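Here the structure comes first, spelled out in structure tokens, and everything after it is commentary.
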Amino acid sequence: MSIVPSELKYVKTHEWIRDEGGGVVTVGITDHAQKLLGDLVFVELPEVGSQVQTESECAVVESVKAASDVYSPVTGEIVAVNTDLADAPETINEDPYESGWLFKVQLADPEEYERLMDADAYIQLCAAENE
Amino acid sequence: MEQRTALHAEHVALGARMVPFGGWDMPLHYGSQLDEHRAVRRAAGVFDVSHMLALDVRGAGARDFLRRVLANDVARLRTPGKALYSCMLTPDGGVVDDLIVYFLADDDFRVVVNAGTAPKDLDWMAAQARGADVTLTPRRDLAMLAVQGPAARGAVLPLLAGPLREAAAALAPFAAAPAGEWLVARTGYTGEDGVELALPNAEAPAFWRALLAAGVTPCGLGARDTLRLEAGMNLYGQDMDESVSPLESGLGWTVAFDPPDRDFVGRGALEALRVRGDLRRFVGLLLDDKGVLRAHQKVFAGDREIGEITSGGYAPTLDRSIAFARVAAGIGDRCTVAVRGRHLAARVVRPPFVRNGQALIGL
């Protein structure tokens with residue numbers, strides 16, 4: 001079973017979103033997603049200062065198996081990226097919700113976070129995918 | 001519905017991630033493909049390779065049949081038990097499949113072919129055998145295990161029955177020892193020492209469990225792929241197929257043109273290719289930049305596209321990405337590879353990248 005923290009928000013492309021206050025959110029990929037991908041060996045992150053759009057490709061995670069796009073779950077500006085992942089992409093497998101975070105976004109619309117899927121809805125989405 | 005090996009329930013019980021492969025439901029990994037890869041490089045791992053097909057080729061005409069249908073020459077096998085790697089070609093010189101053939105007796109050979117190509121191979125061989133004194137017997141009653149790594153033979157030998165244990169302990173590389181329905185061969189697909197075993201399906205689960213109890217790590221198809229890539233070994237369907245000759249797939253060394261009067265299938269086409277010259281080269285690539293090389297990415301010399309990657313991935317032993325590529329003859333010792341619109345720098349190297357746990361390529 002995959003871990004789905006109840007305090008986070010989610011999107012259907014298997015990214016999680018944490019509210020850091022001040023209109024900033026942290027984004028990563030879920031435990032379910034890292035298990036499907038397998039051992040991660042390379043991560044390509046967006047540039048700090050770049051603009052991202054909801055549902056647009058903004059990062060790539062590569063596992064031993066394949067390359068997968070990461071979609072921004074929100075619209076805004078990249079204000080930080082997890083540079084530790086360059087030398088330790090396996091951190092995403094080991095700790096997807098904390099030290100395996102990918103990037104932080106300053107929201108263009110602070111209300112956007114509230115409209116995202118909650119943990120219960122995401123659990124149902126994963127269950128439906130597994131059927 | 002995918003077919004299941006005799007060890008399917010073992011894989012599921014271990015929590016393997018199962019995937020369809022060549023018509024079979026097979027383990028991709030049992031948790032971490034990287035840990036499995038490292039277990040084989042440092043200690044021992046076991047792979048269920050029962051999806052591959054063992055095929056007995058018997059009869060007074062067996063040797064002549066194999067000398068005609070295989071591009072390598074079984075006449076090179078003089079001692080019973082010796083094995084040979086070979087391609088089986090189309091008349092046009094394309095690769096029908098790659099395989100291992102074991103010489104057991106003058107009228108008794110064992111061939112092991114890939115899973116996905118097995119039905120095609122059987123049809124092809126049956127057509128070629130028409131009129132010859134040869135019987136082809138698929139052995140789906142047998143399971144096959146590959147136990148690989150520096151500690152592999154030490155783990156396997158104590159589990160074998162007395163006489164087979166002694167014979168298996170004495171095996172030279174690329175030699176096999178039969179005992180009843182069992183066959184133990186000192187062969188593999190990882191670049192490490194180890195053995196491959198064929199044994200009756202009914203005995204396979206107990207033997208599998210005994211290997212695990214002896215500390216051998218169960219390994220899936222994922223680790224099998226990264227290990228063979230590091231070891232510089234081709235994968236059928238990716239690195240070669242019916243559209244390309246072994247001479248442009250890094251497999252020229254497996255084609256026996258001597259003696260000149262041996263008329264094997266595909267010989268004429270390969271000789272014409274050799275005369276024509278200007279063959280594409282099959283090379284190894286080592287990525288200097290960060291990133292991961294993958295099959296079908298394009299290879300460039302300056303602005304000029306010169307070829308394509310056939311297999312690529314992350315090499316755990318090197319902590320770098322490596323690949324095989326089929327490229328124009330004039331390639332130098334550097335190139336770039338287009339990855340998501342960017343050109344990443346790579347070095348052209350000669351596989352294998354890794355043997356017996358050691359990197360053979362300077363990083």
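Every chain is numbered from 1, with letters handed out A, B, ... down the list of sequences. Excluded from the calculations below are hydrogen atoms, water molecules and symmetry mates; all remaining heavy atoms, backbone and side chain alike, are included. Nothing here was measured: the structure is a model prediction, and the numbers come from that model.
Scanning residues 102-125 of chain A against chain B with a 4.5 Å heavy-atom cutoff picks out nothing at all. Contact annotation for residues 307-326 of chain B against chain A (heavy-atom separation below 4.5 Å, listed by residue number): Y314(B). Within residues 26-59 of chain A, the residues approaching chain B closer than 4.5 Å by heavy atoms are, in numerical order, L36(A), D39(A), V41(A), F42(A), E44(A). Identified by a heavy-atom distance below 4.5 Å to chain B, the contributing residues of residues 66-94 of chain A are A66(A), A67(A), A86(A), D87(A), in residue-number order.
R340(B) CZ: more than 12 foreign heavy atoms inside a 6.0 Å radius. Enclosure of atom CZ in R42(B) is not indicated, since only 12 or fewer non-hydrogen atoms of other residues, nucleotides or ligands lie within 6.0 angstrom. Counting heavy-atom neighbours within 6.0 Å of E7(A) CD, excluding the residue itself, gives a total above 12. Residue R355(B) qualifies as enclosed at atom CZ: its count of foreign heavy atoms under 6.0 Å is above 12.
Interface check for chain A: of the options H29(B), K290(B), R294(B), the most heavy-atom pairs under 4.5 Å are formed by R294(B).
One finds the CG atom of L221(B) at 12.0 Å from the NZ atom of K65(A) (value rounded to the nearest 0.5 Å).
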